[in-house]
Amino acid sequence: MEDYKFLFKVVLVGNAGVGKTCLVRRFTQGLFPPGQGATIGVDFMIKTVEVDGEKVKLQIWDTAGQERFRSITQSYYRSAHALILVYDISCQPTFDCLPDWLREIEEYANNKVLRILVGNKTDREDREIPRHIGDDFAQRNGMYFLETSAKEAENVERLFMEIAVELMEQAKCKELPKYDGSLGPINDKNKAVAVAKVHVLN
Amino acid sequence: MLPINKITHRLCFMMSKTLYITCCCGCCSALRPRYKRLVDNIFPALPQDGLVKSNMEKLTFYSLSSPEKLDRIGDYLFQKASRDIYRRRHGFVIIAMEAMDQLLLACHSQTLNLFVESFLKMVQKLLESTDPQLQILATQSFVRFANIEEDTPSYHRRYDFFVSKFSAMCHSNHTDKPTRDSIRLAGIRGLQGVIRKTVSDDLVENIWEAQHMDKIVPSLLYNMQGAEKYETVLCLEPETDTREGIEEPPKLAEACLRELVGRASYGHIRSVLRPVLTHFDRHELWLPCDFAVHIFKIIMFSIQAQYSYSVVEALMQHLDASGGGSGTRVRAARATVLSNIVAIAAGDSVGPSVLEIINNLLTNLRASVARDSELSFQKESDERLYQEALINALGEFADHLPDFQKIDIMMFIVSKIPSGRGKPTKADCMLQSILLKSLLKVGTTYKTTELSKAFPAAFLEALLRVSSTSEARTRALLQRILHTLLDRRANAPLLIVPTVNYEQLGLTVEKCSRPDLIFISKHGYAIFSSLYEGLQLESNTAENISAIYTTLSLLAIELASEETVCDMLQLILAIQQSAISNPVLSAAQQCQLHAVAVALAALVPHVLVLPPLGDYVKQIIEARREEAEHMLPPLSDEYDVPPNKLPNKLPYLMIDQMALGECLKASGIEPSRLQTASPYTGGATVGLAHRHSWVEAGATQGRDSLADISAGPVTELDSANSSPGVQRHPAQSESVSLEALRRAASGPSEAERRDAERRKVSLNNTFRTAPFDHLLHITQPKYEIQDKLEEIFNSISEEPLLPVGAGSPAGKTQNQVQPYTKYLTELFLY
Ligand SMILES: Nc1nc2c(ncn2[C@@H]2O[C@H](COP(=O)(O)OP(=O)(O)OP(=O)(O)O)[C@@H](O)[C@H]2O)c(=O)[nH]1
Ligand SMILES: [Mg+2]
């Protein structure tokens, strides 16, 4: 007997300081950590949610945004079911780097991976990237899009829940073998779902 | 959705709570399966009381007698622990884990497999918790498991999660340092466990796949780079290898890296090295290079010896890679790392890999020279640092190879030297000098025994070819290579500059061996005439002349024998003669040659102990000291000589051939060979028929080319020319004077005159010299010869001063075109 029926691996990427760790901690621990330090290498969190009465375990790998850890963090892309690409809506450079990130994802992740673009820190007054710009970018690149605030807990729960729902849907319609613990390899058949069509979540 | 979620959770919680209470009371134990009761009973009422030992024994006994129940026991323990983790009752979790550990160790049955699944689920469950204590506990259990040899490994089991999680733990950023260290240590131990568990069986999990190595390797390196200082030892002490013993992450990471590298087979080395190189680039760890040296040495020390070459290879291929802060300094640092490890590889390298390494280094050198020559040559560029580092690597590598391979390497390097075909470009010159420096570096590591081994014909021939290059500094470098290869008795440092006082020097002289005599009888002429020609070049500095002196004096010592004495003296006479008759030489150069001739003349009787000859030379020296100090060592760059003291005005201060003959006779040596025609053609051989030179006879550079070793002993020259004391200009010189006279009206400069002389003479010789084919075993494609002939004839028809010796028939010319120049030049395989 398992304590969950589905296991999905979610990886967060994006420039240093955009709030990846805060998003994860908001979601898994329900708090906004004061003075959150930069992530070194990779952090790991787990959270089990329930979708349609079924338990879904989300394994969340929170990667460091700093350049020097890029090679180890890239090695985590490969087994991801979903990749959350985060930028900071109050920081233009973090948005400008998105194409680079997409290239990396292209290179290292499974090409069927579910990709979600997240503009974080909506609570901030000094917005630099209008919502529709992020939205457009996501559309053009076949990604889901959502704006969040880890600080105000806005859209954070929703972000992960939508991912769980979408992945479960994919898993079901492809009659995927469910994951046995995490000991199973990522099954490439899992990834037969193209995300060509764009769903804007909100 | 969320509320439902919460409700469900709550519901679960309540249910399990009820269940738990029930269990504890044991009211309904009769209704429960026996194994569950046994499991329940190992838990104390209060977690701090610890595992109930007696009940644990019962459970173990039961498991051993009913192994088919083992998997259910495991699953049940896992379920209980999961609930306890959820309720944060960590004390009970720890007890459950301990029980599983004990069962794992106690039960070596085939059914262990099923139990292992629960066991690993349990470990994973604990690793997923945010509590460092549980994570560390889980790692310990995992390591215990990793050390068990399973009879039948489970092929569907995957370790992906463990590698990912342990690697994350290796990067723990916990604010409390002791906690951080213990999480990191646990991470490293966990990785070590995964490696041990999987390494021997690719079917279980191919740990060498990039997705694993890209996590494991950087995790280890990240911990090692944090060390306060890097101490590299050949191998770690055994006790530090015990899993529990090491308390510092860097040390443990090192032990783990060594183990990993040591287990890598050939196909897997690259999987380890690639992330290492990437890590150094990403973390910009090349500069300063002490950490890189530390790591690469560790790799070299722990790799299976037969694969050590791949490390060198990988690093070499990475020399030029971008990244790591990039730039030339990083390249230089990488090359320095290379020079630090290449020696370790040398002992194990065999065959083609040796040349591959050399070739690769040379390729990098060449690329660097190309970059360098593009820049303007201001300041000591970083590129030079890089080149130095590469050359050092080359030397380090060669130093640790057996001597026969050093010769191969030197031949290989020589083959890469661009030969002066046409006007050498700046890049060519730089490359030439860089390669010669490399050659010198390798040559210095070589210990000559027999000359024939140090100088295989093709190698000797290639060296002599380069000795005529137009760059004076490069020529000096080449002589230094000859010195290091010739000097078996450490005399070279004593003979750097010409001298006549050999008594004080303390030279070491031994009698020449039989094989050396054979060698010199075969190649002596080629060597001597090349050195002779080297002395005739207009661009020579005192450094060049001193360097050739050193070579000749070393030859005199290394080949000390009554059988060679005549050859040596004949050469000395020829040098002296050329100082008088070679029109291209400046007054300073003439003086320098006289000084060299007498210095060598003084050396011969010292080496062979020939008192009459010694006395004779001493007389000349004394006389010169009185009258013409400028004809004695030391050499200087400028001489201020009054016209009446010019050497050609002082025939009585010359070394005389007849007198030499008498001296030899007095010592019982047959001097007849001294009287034979000199094979050296006085000043007339200037710019002798090296193909390049006569092909470009019109060009000013042409002259500084190798004295053709094909200039055979058969010569039409009047033997009187070599007879000293007789101040008779050779025919060629006369025609020069005529030519000079003819031009006098239009006022030809000294340079013009020399130039004209040079062209004439060189062309003359083209058709006069007979082939000297001892050295030549290399065939040349036909069309080459034809091309050359075409060029020759073209240049001939363009040459107005040409006294074409009765227009040599093509057939004859063809014989004279020696194919050797082409040898190796096309080996530029870059
Ligand atoms: N105002 C505001 N600040 C936020 C929000 N999320 C994160 N921050 C702040 O942004 C800074 C960086 O947050 P982190 O979560 O550490 O960023 P990260 O993406 O994990 O950074 P790396 O680990 O270095 O890659 C912290 O000072 C956070 O307090 C947000 O939603 N609103
Ligand atoms: Mg972070």
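Source: prediction; values computed, not measured. Chain letters run A, B, ... following the sequence lines, proteins first, then strands; residues in each count from 1.
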Legend entry - Criterion salt bridge (charged side-chain N to carboxylate O under 4.0 Å, His left out) on A:Arg68 and B:Glu284, from CA distance to verdict: CA-CA 8 Å; A:Arg68 61 194 173 117; B:Glu284 304 192 353; over 6 Å; no
Inset, instruction - Assess whether salt bridge (charged side-chain N to carboxylate O under 4.0 Å, His left out) is satisfied between B:Lys165 and A:Asp43, documenting all intermediate values. - result: CA-CA 8 Å; B:Lys165 175 62 186 177; A:Asp43 260 349; over 6 Å; no
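Across every non-hydrogen atom of A:Gln59 and B:Phe161, the tightest pair is NE2-CD1, 3.4 Å.
With rounding to the nearest 0.5 Å, the separation of CD in A:Gln66 from NE2 in B:His283 is 9.0 Å. For the atom pair OG (A:Ser75) and CE (B:Met213), the distance works out to 11.5 Å, reported to the nearest 0.5 Å. Distance SG/B:Cys170 to CD1/A:Ile40: 13.0 Å, rounded to 0.5 Å. One distance of note links OG of B:Ser129 with CZ of A:Phe44; it measures 10.0 Å at 0.5 Å rounding. Expressed to the nearest 0.5 Å, how far CZ of A:Arg70 lies from CG of B:Asp281 amounts to 14.5 Å.
The shortest distance between side-chain heavy atoms of B:Glu128 and A:Met45 does not fall below 4.5 Å. Looking only at side-chain heavy atoms (C-beta outward), A:Ile72 and B:Ser219 come within less than 4.5 Å of each other.
Proximity to chain B is limited to the backbone of A:Ala38, based on heavy atoms less than 4.5 angstrom apart. Heavy atoms closer than 4.5 Å to chain B are found nowhere in A:Lys47, neither backbone nor side chain. Contact annotation for A:Gln74: only side-chain heavy atoms (C-beta onward) come within less than 4.5 Å of a heavy atom of chain B.
Salt bridge status for B:Asp214 with A:Arg78: absent, with no side-chain N to carboxylate O gap under 4.0 Å.
Without hydrogens or angle criteria, B:Lys215 side chain to A:Tyr76 main chain gives no donor-acceptor distance under 3.5 Å. B:His171 places no side-chain N or O within 3.5 Å of a backbone atom of A:Val42 that could act as its donor or acceptor partner.
For the set B:Pro275, B:Ser167, B:Pro218, B:Ser164, the count of heavy-atom pairs under 4.5 angstrom toward chain A peaks at B:Ser164.
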